[in-house]
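Here's the structure we're looking at; comments come further down.
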Amino acid sequence: TFRDALTVDGSFITEVHAVALVGGEKHKLATASFWTDELNEFTTGPNMITGTCGDRGQFFLGTGEHKKCEEFEVAVRFSSAKIRVPGWTIKVAAAPVWGRISGPRHRLDV
């Protein structure tokens, strides 16, 4: 609240998506998505991350789980994840939205 007259709702990142072509000449499409909608009151959840590895179908990851698709790797800790592909590491951490008035309950820091 600004001078007791104006309330500003902030904006936060609530989804992170990674897409990579892996497997050399196989050209497999690997994806991973981190969703705050899947987080519970402890900022964890069984389906925090969803993804695909080629045409093997969809996978779901929660706390302590990991998945490797060729050189694409996703590892979930308590409420954070690392997504790795050669030359890139994306670290994503979930956190509650403190002082929330409305909107998302969790945010993602990349």
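Keep in mind that the numbers below use all heavy atoms, side chains included, and drop hydrogens, waters and symmetry copies. Starting from 1, each residue takes its place in the sequence as its number. Fair warning: this is a prediction, and the values are worked out from it, not measured in the lab.
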Donor-acceptor list for residues 30-43 side chains, cut-off 3.5 Å, not counting sequence neighbours:
residue, atom, partner, partner atom, Å
T31, OG1, T52, N, 3.1
T31, OG1, T52, OG1, 2.7
S33, OG, H17, ND1, 2.7
W35, NE1, S33, O, 3.4
W35, NE1, T50, OG1, 2.9
T36, OG1, T14, O, 3.0
N40, OD1, F42, N, 2.8
N40, OD1, T43, N, 3.3
N40, OD1, T44, N, 3.2
N40, OD1, T44, OG1, 3.3
N40, ND2, T44, O, 3.3
N40, ND2, T44, OG1, 3.3

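- When hydrophobic residues (I, L, V, M, F, W, Y) are linked wherever their side-chain heavy atoms come within less than 4.5 Å, the members clustered with L21 are V19, L29.
- For the atom pair CG (D55) and NZ (K28), the distance works out to 8.0 Å, reported to the nearest 0.5 Å.
- Here the NZ-SG distance, from K68 to C53, works out to 11.0 Å after rounding to the nearest 0.5 Å.
- In this structure, the side chains of T63 and M48 come closer than 4.5 Å at one or more pairs of heavy atoms.
- The distance from the CD1 atom of I49 to the CD atom of E65 is 10.0 Å, given to the nearest 0.5 Å.
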Could you walk me through whether V97 and F12 pass the side-chain contact (heavy atoms from CB on, under 4.5 Å) check?
CA-CA 9 Å; V97 174; F12 297 99; 3.6 Å; yes
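- To the nearest 0.5 Å, atoms CG (L61) and CG (N47) are separated by 9.0 Å.
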Please evaluate residues Q58 and F60 with respect to the criterion side-chain contact (heavy atoms from CB on, under 4.5 Å), reporting the C-alpha separation (whole Å), side-chain torsions for both, the decisive distance (0.1 Å), and the verdict.
CA-CA 7 Å; Q58 193 171 29; F60 302 89; 3.6 Å; yes
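- Within 6.0 Å of the CZ atom in R105, the count of heavy atoms belonging to other residues, nucleotides or ligands does not exceed 12.
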Could you pull out every donor-acceptor pair under 3.5 Å between side chains of residues 71-80 and any protein atom, sequence neighbours left out?
residue, atom, partner, partner atom, Å
E71, OE1, G23, N, 3.2
E71, OE2, G23, N, 3.3

